[in-house]
Amino acid sequence: MTLVEELKWRGLIKDISSPELEEKLNKGGLTFYIGTDPTADSLHVGHLSSFLISKRLKDAGHNPILLVGGGTGMIGDPRPTTERAMISKEEVAHNFECLKAQVEKIFGFKVVNNNDWYKDINVIDFLRDYGKYFNVNYMLDKDIIRRRLDTGITYTEFSYMILQALDFKHLHEHEGVDLQCAGSDQWGNITAGIDLIRRSTGDEVYGFTMPLVTDSQGKKFGKSEGNALWLDKTKTSSYKLYQFFINVEDSMVIDYLKIYTFLSKEEIEELEKKNNEHPELREAHKALAREIITFLHGKEEYDKAVSLAEHLFNNEFKDLSKEDIADLFDAQDIKQVESNTNILDLIVTMGAASSKREAREFLTSGAISINGEKVNSLDLEVNDDMFIDNTYIIVKRGKKNYYIGRK
RNA sequence: GGGUAGGUGGCCGAGUGGCUAAAGGCGGCAGACUGUAAAUCUGUUCUCAUACGAGUACGAUGGUUCGAAUCCAUCCCUGUCCA
């Protein structure tokens, strides 16, 4: 299977700038880049699919560069709906440092910052050297701009595509970059860069995008309870990642294996078969969680997540020692609590409910368990006997939300 | 600058003086059923409160009124048309 055939099989190619790119991809030796803006201090699962492409291309003999947009991050890539809130320069700088460190650690690729070349371009040069290559009619024709015309878009965000085109050109001239890949929402920005380079230098460069990863409802994939799943394990524990992937819908799990893992076609087809015959075993889900967590955080973190899940879902934690619990849970997830308090207060201080009123609601609807036993009583007093190994107390809300308290 | 249509709870969207903490849908949370799946059904969903009640809220500020998301004034923002 050639690289392009594999990428297509995995469902990773949506738009491709020209047919000749396929040949070049199969041949190897291209220098390419992929970019992201420092809008937060960590990448999240939503970024993962397109970042993994850089790994696939690298393994096939291409040379990756990761651009973290310290400059573009201060402008804001237009979203389809509304204007972005601006991020302070200090925050962008901070986020940049975090992302750089993270990306180097996980992917091990060279990281560049577009602010390094923007800072020497003044307004007049910008308008003369780059602005002249962009007809406003051309810009208005881009899908993302058109969608914003009825809700409004500021000049700042309107200019974003010029900056990204400029990035492509800079990297083409200074780093030998001939290819840009990204998520499909970036297609307009990529083609803007290809056009700029062709018109200003005559060189032919390429781009391709991958489809947005969604769930079966067509919604963006990669959020748990509405929150992003961060690739920084101090922000999202391996256990949470494990839970997320193990709970993926059956109908999507094979697609996700193709997108998010490096398992071979044969291995994935084998898992597909198992998934069809015995979905309740969730072999495919387990493989998905295993591959991703091991890639991101290592085997040890993965084993820890599995062990924790087994204990929790088999209700085995009563026999655990305090050392086991301290080992299984991340210290950041353990809340300090006091004995001899009312159950309502306990639930609130542990974060399982946001107010006493809500805590009451959960208790009366049978959503709360303590150390594996359902609690309905509103006026239960929490005493020393309820702490495992006289140290920890485990509150469960709903089916799979666990909260750990330490005395 | 002028005309015009708008700005409602996380989102969409009804509501044109009291019965409105504000219909309905989506999303979220919880329960049942399951396989920690999907689908379905049920409850819940501004904040606080042991369900009494209180506080905040319909772009902003002021006003009319016993009473305003609803009327008036000024301002801000968005679309759209004209210049």
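All heavy atoms count here, side chains included; hydrogens, waters and symmetry mates do not.
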ask   = What is the pairing partner of B/A54, taking Watson-Crick or G-U wobble pairs with both distances under 3.5 Å in any strand?
value =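 Pairing partner: B/U47.
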Identified pairing partner of B/U80, criterion: Watson-Crick or G-U wobble below 3.5 Å =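 B/G3 is the nucleotide pairing with B/U80.
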Between [N] and [M], how many Å separate the two [atom1] atoms, rounded to a whole number?
N	M	atom1	value
B/G7	B/G55	P	29 Å
B/C81	B/C29	C1'	46 Å
B/A69	B/A23	C1'	14 Å
B/G62	B/G1	P	25 Å
B/C33	B/U42	C1'	12 Å
B/A14	B/U4	C1'	23 Å
B/G79	B/A30	P	40 Å
B/A21	B/U45	C1'	12 Å

Starting at [atom1] of [X] and ending at [atom2] of [N], how long is that distance when rounded to a whole Å?
X	N	atom1	atom2	answer
A/Arg148	B/U78	CZ	C1'	12 Å
A/Leu363	B/A30	CG	C1'	12 Å
A/Glu283	B/G35	CD	C1'	13 Å
A/Gln243	B/G35	CD	P	17 Å
A/Lys220	B/G27	NZ	C1'	15 Å
A/His278	B/G35	NE2	C1'	13 Å
A/Asp379	B/A51	CG	P	13 Å
A/Glu157	B/U78	CD	C1'	15 Å

inquiry  = Check this one for me: any side-chain N or O of A/Asn401 less than 4.0 Å away from OP1 or OP2 of B/A30?
reply    =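 For B/A30, OP1/OP2 do have a side-chain N/O of A/Asn401 under 4.0 Å.
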What residues form a side-chain contact (heavy atoms from CB on, under 4.5 Å) with [X], not counting sequence neighbours?
X	value
A/Asp215	A/Gln217, A/Lys219, A/Glu249, A/Tyr256
A/Lys142	A/Tyr138, A/Ile145, A/Met161, A/Thr191, A/Ala192
A/Ser365	A/Ala367
A/Lys105	none

task = Please figure out whether A/Ala309 or A/Leu149 has its closest RNA chain B nucleotide nearer the 5' end.
result =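 Its nucleotide being nearer the 5' end, the pick is A/Ala309.
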ask   = Closest nucleotide of RNA chain B for A/Asn275 versus for A/Ser365: which of these residues is on the 5' side?
value = A/Ser365
query = Which nucleotide sits closest to the side chain of A/Lys356: B/A30, B/U50, B/A32?
reply =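 Of the options given, the side chain of A/Lys356 lies nearest B/U50.
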query = Which part of the nucleic acid, if any, lies within contact of A/Phe362, taking any heavy atom under 4.0 Å across all strands shown: a base, the sugar-phosphate backbone alone, or nothing?
reply = sugar-phosphate
inquiry  = One character per nucleotide, please: for nucleotides 37-47 of chain B, 5' to 3', B when the base has a protein heavy atom closer than 4.0 Å, S when only the sugar-phosphate does, - otherwise.
reply    = BSS----S--S
Side chains of residues 270-280 of chain A: which donor-acceptor partners sit under 3.5 Å, not counting sequence neighbours?
from: A/Asn276; atom 1: ND2; to: A/Glu272; atom 2: O; distance (Å): 3.3
from: A/His278; atom 1: ND1; to: A/Glu280; atom 2: OE2; distance (Å): 3.3

request  = Identify whether NZ of Lys or CZ of Arg in A/Lys58 sits under 6.0 Å from the centre of the six-membered ring of A/Phe109 and within 45° of that ring's axis.
outcome  = no
inquiry  = Which label fits A/Phe245 and A/Phe221: parallel for a plane angle under 30°, tilted from 30 to 60°, or perpendicular past 60°?
reply    =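 Geometry flag for A/Phe221 against A/Phe245: tilted rings.
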ask   = Is A/Glu300 paired with A/Lys304 through a side-chain N to carboxylate O contact shorter than 4.0 Å?
value = no
